[in-house]
Protein chains: 2
Amino acid sequence: MQICKAINVPHLDLLKETSHLVGIFSESFQEEEIANYLETSLQSIDSLTVKRIGNTLVASTNFGHSQRLLLAGHIDTVPESGNLKPIIEGETLFGLGSVDMKAGLAVMLGLSHEVQNPVVDVTYVFYPCEEVDHIHNGLFNLSKTNPELLKGDAAILLEPTSAIIEAGCQGVIRMAITIRGKRAHSARPWMGVNAIHRSQRVIEAIENFVERKPIIDGCQYHEVLQAVGITGGVAMNVIPDEVVIKINHRSAPDRSSAESIEYLETFFEDVIDPDLGDEIEILDISEPALPGLNHPLLNKLKDLSGTEPRAKLGWTDVSFFASLGIPALNYGPGDAALAHGPNEKVDRSEIESVYETIFKLLKNGL
Amino acid sequence: MQICKAINVPHLDLLKETSHLVGIFSESFQEEEIANYLETSLQSIDSLTVKRIGNTLVASTNFGHSQRLLLAGHIDTVPESGNLKPIIEGETLFGLGSVDMKAGLAVMLGLSHEVQNPVVDVTYVFYPCEEVDHIHNGLFNLSKTNPELLKGDAAILLEPTSAIIEAGCQGVIRMAITIRGKRAHSARPWMGVNAIHRSQRVIEAIENFVERKPIIDGCQYHEVLQAVGITGGVAMNVIPDEVVIKINHRSAPDRSSAESIEYLETFFEDVIDPDLGDEIEILDISEPALPGLNHPLLNKLKDLSGTEPRAKLGWTDVSFFASLGIPALNYGPGDAALAHGPNEKVDRSEIESVYETIFKLLKNGL
């Protein structure tokens, strides 16, 4: 049996525990078996109150401490890429979900067993369906149906961040701009208006977008405006009367989504013409989350991690905590760039590094 | 019975004959019944030798005159738009194919009966499948399998031109430009290359294309370069790695298609980058046809029509005659803008006007 050197717990092998979790198939919508395993393990700990709602597990200590820290992780994986079986080579584990995010789950499970008398109250949240549409997301649904179970002062989401604190998250606004024209025979384009030609101004504007890179709590965010889809055309001999451009905007958390939408509407004002039928449609909004590093617990975590925090440029479930008024950050083992790919793998050192940092926070507090 | 006033042939009612032809269902690939009707009618004329190949009919006089004029028309229609039944209101016929091009067929049939001793030899060509892919086109196939049946000095295609001579035709080059990029997560677009953003330069170039408008034989052509389709995008959170732009070019007949392609390849040189994987693909070529108004028979037709000829901006089957070295023009009753629509209709005056012009040419020659 491996020894977890960092914390000197001879019986705790987090790489092996991660491997065991990888071995339990848990593609989205099929999380019952892994939820059963986790429930049994959590139920064995006297200091925890465990609630199960569907395949979502909420296990909390109730010592009446002044602070409560939430630790959260999703238990589902994307479909396999020929890497269903966990394989350990040396100090590295290969397999589906090793990075995203069964290494994080192993850390949570290890902490629940090894820190049964934390100096802050702790709520562990294991939830299904993070890899599919938001409407299925276990954390999102819990925040709607049982928000009382998510009460807390700060939260750590153990998504893979290479064991570096990634603070808050950028928001996402998905929108569609429809540019209209007027059909005509392609031999007489002057009888119509070519929507594809008109759409060029929108793309040009997007390309000339000046990205804001605000620094918040020492973390530099990086806004993005990109065309991610374009469709137009009727037939090879018809001047097209419609083009739809799909646009992805990543917004830094110093602006709310509402403010970002207002900004974008002004930004595109010069290149669309409502009189010609052009339209902007907001397809989907994911709110940004502020870094929250000024919260004492998260600030302490930053010090304990011994690394410089960076801004989370993507969007993560920390946004759900932010929507409940709970400062949250991303901090977990594994390289996110390997997630969802056939070469998913995680090193023992990163798992133990994250474990050690949170272990110290729970043991010693502020 | 109506009287064909223009030519004073009391028994010939071309509007009624057109109506009868509209009443014979003849959607592409289903032309047997109308071919049977036409064959029977043509076989009744002693001076004609009639050959039938599938549903293509070739009926020719063989007086040994020094000149032979070809008259051609397609016998199929597009699918109906709720206008299958012919309806005559006053001097106007409504119904599928009334314009495109059963009025033209009625003119051909009328001439074959009324001018049995023309001063030039005449070949009438009735052919199927003009409204579908070129590979099915009866005239195209005849030009490949039995070119001897299409021998002649000049040709008139009786497609609808509002009884105005439309000379030659512009060519069509359909092409696809593929612009490549490199996929990346939409939160980190700088890790990739956005193909939609890159494609903007191609659209901009197309929009700035300076159209040539050469005058040939007194007819002004009008070249066109238009984007008619655009598709790109992988998913809302992925920087797209490919955009395909479909382009339609109409080329004036003073350039061959080969010359036009060479021109376009140079034109797009500055906005595509083969090193990044960008590609130009020629999808389809339809050769242009010169106006041919300098041929004595067609020049005479022009004089007899009493109208100013104009350039044919679209592409028509005159191109097949041009490919056989036969000067050809478009001249037929009906407004082409109404073709393929639910409001297809043709006036008696246009049918009789075209009939009269060609009648005089066949009767009196040069």
Side-chain angles (χ1 to χ4, degrees), chain A residues 169-170 172 174-176 184-192 194-209 211 222-240 243-250 283-284 312-316 336-337 339-340, chain B residues 169-170 172 174-176 184-192 194-209 211 222-240 243-250 283-284 312-316 336-337 339-340:
Chain A
C169 73
Q170 294 202 124
V172 189
R174 297 182 183 88
M175 56 197 286
H185 193 283
S186 62
R188 290 177 195 79
W190 49 88
M191 305 290 283
N194 191 318
I196 295 178
H197 293 198
R198 289 194 63 231
S199 74
Q200 177 257 321
R201 293 185 65 205
V202 177
I203 306 294
E204 191 182 9
I206 292 172
E207 219 189 6
N208 293 332
F209 174 76
E211 300 159 338
H222 190 149
E223 291 198 334
V224 162
L225 187 68
Q226 293 276 312
V228 292
I230 189 164
T231 320
V234 179
M236 282 304 288
N237 61 345
V238 177
I239 299 304
V243 171
V244 178
I245 304 166
K246 291 195 173 162
I247 296 166
N248 189 304
H249 177 53
R250 305 281 172 160
L283 302 174
D284 189 31
K312 185 73 183 177
L313 301 183
W315 185 90
T316 74
H340 303 194
Chain B
C169 73
Q170 294 202 124
V172 189
R174 297 183 183 87
M175 56 197 287
H185 193 283
S186 62
R188 290 177 195 78
W190 49 88
M191 305 290 283
N194 191 318
I196 295 178
H197 293 198
R198 289 194 62 231
S199 74
Q200 178 258 322
R201 293 185 66 205
V202 177
I203 306 294
E204 192 182 8
I206 292 172
E207 219 189 6
N208 293 332
F209 174 75
E211 300 159 339
H222 190 149
E223 291 198 334
V224 162
L225 187 68
Q226 293 276 312
V228 291
I230 189 163
T231 321
V234 179
M236 282 304 288
N237 61 345
V238 178
I239 299 304
V243 171
V244 178
I245 304 166
K246 291 196 173 162
I247 297 166
N248 189 304
H249 177 52
R250 305 281 171 159
L283 302 174
D284 189 30
K312 185 73 183 176
L313 302 183
W315 185 90
T316 73
H340 302 195

Engaged part of B:Asn237 at the chain A interface, taking heavy atoms whose separation is under 4.5 Å = both
Heavy-atom nearest pair, A:Arg250 first then B:Ser186, reads NH2-OG, 2.5 Å
Okay, B:Arg174 and chain A: the region with an atom under 4.5 Å from a heavy atom over there is both
If one checks every heavy atom of B:Ala195 against chain A at 4.5 Å, the contacting part turns out to be neither
Atom of B:Ile196, atom of A:Val228 and distance for their closest heavy-atom approach = CD1-C, 3.6 Å
Could you give the distance from CD (A:Gln226) to NE2 (B:His185), rounded to the nearest 0.5 Å?
-> 12.5 Å
With side chain to side chain contact (heavy atoms under 4.5 Å, CB included) as the test, would you mind laying out the steps for B:Leu283 and A:Met236 before giving the verdict?
-> CA-CA 10 Å; B:Leu283 302 174; A:Met236 282 304 288; 4.1 Å; yes
Which region of B:Val172, side chain (C-beta onward) or backbone (N, CA, C, O), has a non-hydrogen atom less than 4.5 Å from a non-hydrogen atom of chain A, or is it both or neither?
-> neither
Report the option among B:Val244, B:Ile206, B:Asn248 that has the most heavy-atom pairs separated by less than 4.5 Å from atoms of chain A.
-> B:Asn248
Would you mind checking which part of B:Ile247 comes under 4.5 Å of any heavy atom in chain A, side chain (CB onward), backbone (N, CA, C, O), both or neither?
-> backbone
Which one, A:Ile203, A:Ile230, A:Leu313, A:Ile245, leads in non-hydrogen pairs under 4.5 Å with chain B?
-> A:Ile230
Between CD of A:Glu204 and CZ of B:Arg201, what distance do you get to the nearest 0.5 Å?
-> 11.5 Å
Specify the closest pair of heavy atoms between B:Pro240 and A:Ala227, including all atoms of both residues, with the distance to one decimal.
-> CD-O, 3.6 Å
Pairing residues for B:His197 by the ring pair (Phe, Tyr, Trp, His ring centres under 6.0 Å) criterion, not counting sequence neighbours = none
Turns out that what part of A:Val224 lies under 4.5 Å from chain B's heavy atoms comes down to side chain
Taking every heavy-atom pair that is under 4.5 Å apart, which of A:Met191, A:His222, A:Arg188 has the most such pairs with chain B?
-> A:His222
What part of A:Ala235 is in contact with chain B, defined as an atom under 4.5 angstrom from a non-hydrogen atom: side chain, backbone, both or neither?
-> backbone
Toward chain A, the part of B:Trp315 with a non-hydrogen atom under 4.5 Å = neither
